[in-house]
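We count ligands from 1, going down the list as the structure has it; atoms in each ligand are counted the same way.
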Amino acid sequence: MAVIEVAGLRKAYGRRQVLEDVSFTVERGEVFGLLGPNGAGKTTAVECCEGLRRADGGTVRVLGLDPVRDAYRLRTRIGIQIQQARLQSALRVGEALELYAALYPNPRDRRELLDEWGLAGEVRTPFDKLSGGQRQRLFIALALVGNPEVAFLDELTTALDPQGRRDTWDLIRRIRDNGVTVVLVSHFMDEVEALCDRAAVLDGGRIVAAGTPAELVARSGARGTLGFRPTAPLDTARLAALPGVTGVEERDGRIEVTGVGSFADEVTGLLAREGIVVTGLRIREHSLDDAYLALTRHDA
Ligand SMILES: Nc1ncnc2c1ncn2[C@@H]1O[C@H](COP(=O)(O)OP(=O)(O)OP(=O)(O)O)[C@@H](O)[C@H]1O
């Protein structure tokens, strides 16, 4: 069941049309990624879902509600982590959580939340004495304190060190396992690949691709390479004729095959059928990074 349905969403700031025609759906219980270059309109799209911005056109439904018209009913059912937010400098961690918890009918246990997000030792620490990573974790905890059905997380791990990022990913998986739907705005492809069940790429005011990370890679036409040294003669024309193969080069007995989609499976399948043993096998698979760049490349 879709918990978020966005169809034909349009939004302009003055004369600048930021969202032209944006449509996507998010299913209950999934982690959904929203990707796109700086200024693509990701935050604007998410803010239209959160009821923080009014769309100029199109429809937006979150948990079946109109985020602007039904703002009051929706507010207690969603959690929002705002990008680059600030709290009053003297406000302590524990106080901030209590303040936010008071806005919701069924808040989470604060102690448990502090433990989960590694903030148990900072209950009395004022906001301006927190490190960047601690602030980030506090904002996530604040987004979750209301026990939301849908959590919107914008630039989740920007200020975190590598260990902090991994720990956060584990917690997001736990949030998802508890049935919370997560919408993640991210610039990090590894994060999207590790966490998201599905993702959409926003560019030029439209969704240019949507699907599982693997589908995005397959559809983008991003290329991978497979290199090896066959121990028996191999007709490279047969490799070139395989589905997905876009190029074959042979140099000093080493063969490099370039391709898209599942070309590597096709090549290894052919080698297996022919009983050709290879050495020095090297695969550089196309990543979501490549796919993202291919999908959002603007040839001037
Ligand atoms: N309140 C506003 N008034 C005018 N222009 C705005 C406003 N908010 C955003 N914009 C502009 O709209 C465009 C889209 O901004 P938005 O923050 O939605 O993009 P984004 O994809 O989230 O970007 P980033 O990845 O850099 O966070 C940008 O050009 C931005 O400067």
Give every donor-acceptor pair under 3.5 Å between a side-chain atom in residues 189-204 and any protein atom, sequence neighbours left out.
unit_1, atom_1, unit_2, atom_2, d
Asp190, OD1, Arg165, NH2, 3.1
Asp190, OD2, Arg165, NH1, 3.3
Glu191, OE1, Thr157, OG1, 2.4
Glu191, OE1, Trp169, NE1, 3.1
Glu191, OE2, Ser186, OG, 3.1
Asp197, OD1, Arg176, NH1, 3.3
Asp197, OD2, Val31, N, 2.8
Asp197, OD2, Arg176, NH1, 3.2
Arg198, NE, Glu30, OE1, 3.1
Arg198, NE, Glu30, OE2, 3.4
Arg198, NH2, Thr25, O, 2.6
Arg198, NH2, Glu30, OE2, 2.8
Asp203, OD1, His298, NE2, 3.2
Asp203, OD2, His298, NE2, 3.0

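No hydrogens or angles considered: a donor-acceptor pair under 3.5 Å links the side chains of Tyr13 and Arg53.
For the pair Asp56 (side chain) and Ala12 (backbone), a donor-acceptor distance under 3.5 Å is present.
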The test is salt bridge (Lys or Arg N to Asp or Glu O under 4.0 Å); show your working for Arg77 and Glu149 and say whether it passes. CA-CA 6 Å; Arg77 298 175 64 189; Glu149 289 167 64; 2.7 Å; yes
Can you check side chain to side chain contact (heavy atoms under 4.5 Å, CB included) on Gln88 and Glu95, steps first, answer last? CA-CA 11 Å; Gln88 273 177 302; Glu95 292 168 345; over 6 Å; no
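The closest heavy-atom contact to atom 29 (O) of ligand 1, among the options Arg53, His187, Arg16, comes from Arg16. Nearest-heavy-atom check against atom 17 (O) of ligand 1 across Asp154, Asp203, Thr43 picks out Thr43. Distances from atom 19 (O) of ligand 1 to the heavy atoms of Gly205, Ala12, Gly41 put Gly41 nearest.
The hydrophobic clustering, which links ILVMFWY residues whose side-chain heavy atoms are closer than 4.5 Å, places Phe188 and Leu295 apart.
Numbered from 1 in the order shown, with element, the atoms of ligand 1 that lie under 4.0 Å from a heavy atom of Pro37 read 21 (O). Close approach to Thr44 involves these atoms of ligand 1, each under 4.0 Å from a residue heavy atom: 15 (O), 16 (P), 18 (O).
For ligand 1, the polar-atom distance check finds an N/O of Gly39 within less than 3.5 Å of one of the ligand's N/O atoms.
For Gly36, the closest heavy-atom approach to ligand 1 does not fall below 4.0 Å. By the 4.0 Å heavy-atom criterion, Ala45 is excluded from the residues contacting ligand 1.
Contact annotation for Asn38 and ligand 1: heavy atoms of both the backbone and the side chain come within less than 4.0 Å of the ligand.
Pairs passing the ring pair (Phe, Tyr, Trp, His ring centres under 6.0 Å) check and including a residue from residues 205-252, sequence neighbours excluded, do not occur.
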